[in-house]
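Here the structure comes first, spelled out in structure tokens, and everything after it is commentary.
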Amino acid sequence: MYSSSIFDTFSPQEPQRAPIGVFDSGVGGLTVLRQIYQQLPNESIIYVGDTARLPYGIRSQTEILQFVREILHWMQQQRVKMAIMACNTSSALALDIVRQEFNFPILGVILPGARAAVQQGQRIGVIATPATAQSNAYRQAILEIQSNVQVWQVSCPEFVPLIEQNRIHDPYTMEIAKTYLEPLIQKEIDTLVYGCTHYPLLSPILRSLLPQQVQLIDPAVHVAAACSQELDLLGIKNTHPPLPTRFAVSGCSQQFTQSSLQWLGYTPMVEQVCFADTVLS
Ligand code: DGL
């Protein structure tokens, strides 16, 4: 499908050297980036954070589609060889539609997360943004793979703003986390899926509130593995040393530099880009 067009798009001699585009509304996608660093250390990455328009999780499908198309169009201009939607909300509301519109492969986080969840448990809780929870994308994906499990989805509208404001250790965050997890604990879940890429950043808090036997599933781990497989399949895995990661955000670049430092362990160079300026063909 896309495997032939990929070679027409960029660096015809060495397509494996082209970067992978990774995007999220903000710092959540860094959980995916960290997994890519671990599992695919030779890949060059362009990371996009659409920080001027977050949170995505309270947006309509029309808005998400528009934002995702703009970002992917910009990534196309940067000649990426593959894109990863490091964002569950975009994966739930836009992936199936936009996948056909671009000539490079686009991976989402929901299917890899759902596959991992059914391998772990039978009583599966999913915490997600309001848009992802309402879309039912996780329930559908999980039940399509395994129909005899139970799935409960909880919408957690306050988490992303709290994480983006760096209020992870604020007592209020603990209180709100208790409220969100309570109905899932009542259902005696054995597995909890982070249905938003921001949420692994809350893992110390969530872990402390959950019974010990509950397994946590981070789809970031599994999308990085899926990406590795796809690169092998297409013969475009990079074997050369990677370029430094390029960071592009739509909001304040300094703010992103400051907030991402703790998750990356280094100070990123961040540029500001207006994705809405990209001309849609
Ligand atoms: N981190 C994204 C997700 O996985 C987006 C969160 C948001 O902006 O609401 O859904």
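Note that ligands are numbered from 1 as they come in the structure, with each ligand's atoms numbered from 1 the same way. Both backbone and side-chain heavy atoms feed into the values below; hydrogens, waters and symmetry mates do not. Position 1 is the first residue of the sequence, and the numbers go up from there.
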Can you pull out the closest protein heavy atom to atom 3 (C) of ligand 1? Residue, atom name and distance to 0.1 Å, please.
->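 Among all protein heavy atoms, the one nearest atom 3 (C) of ligand 1 is Asn88 N, 3.2 Å.
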Heavy atom of the protein closest to atom 7 (C) of ligand 1 (residue, atom name, distance) |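 The closest one turns out to be Tyr56 N, 3.2 Å.
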Going by atom type alone, with no hydrogens or angles, which donor-acceptor pairs under 3.5 Å involve a side-chain atom of residues 189-197 and a protein atom two or more places apart or on another chain?
from, atom 1, to, atom 2, distance (Å)
Asp190, OD1, Gln122, N, 3.3
Asp190, OD1, Arg123, N, 3.2
Asp190, OD2, Gln122, N, 3.1
Asp190, OD2, Arg123, N, 3.3
Thr197, OG1, Ala86, O, 2.8

Looking only at atom types and distance, does a side-chain atom of Tyr47 sit under 3.5 Å from a main-chain N or O of Leu30, one as donor and one as acceptor?
->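 It does hold such a pair.
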Is Ser147 reaching over with its side chain to a backbone N or O of Leu143, donor-acceptor style, under 3.5 angstrom?
-> no
Select one of side chain, backbone, both or neither to describe which atoms of [X] lie under 4.0 Å from any atom of ligand 1, heavy atoms only.
{"X": "Thr129", "answer": "side chain"}
{"X": "Ser25", "answer": "side chain"}
{"X": "Asp24", "answer": "side chain"}

Those atoms of ligand 1 less than 4.0 Å from some heavy atom in [X]:
{"X": "Gly57", "result": "7 (C), 8 (O), 9 (O)"}
{"X": "Cys196", "result": "1 (N), 2 (C), 3 (C), 4 (O), 6 (C), 10 (O)"}
{"X": "Thr89", "result": "3 (C), 5 (C), 10 (O)"}

Contacts table for residues 217-228: side-chain donor-acceptor under 3.5 angstrom, sequence neighbours left out:
from, atom 1, to, atom 2, distance (Å)
Asp218, OD1, Ala220, N, 3.0
Ser228, OG, Lys237, NZ, 2.8

Do the ring planes of Phe247 and Phe256 sit parallel (below 30°), tilted (30 to 60°) or perpendicular (above 60°)?
-> tilted
On the 0 to 90° scale, with breaks at 30° and 60°, tag the Phe275-Trp74 ring pair as parallel, tilted or perpendicular.
-> perpendicular
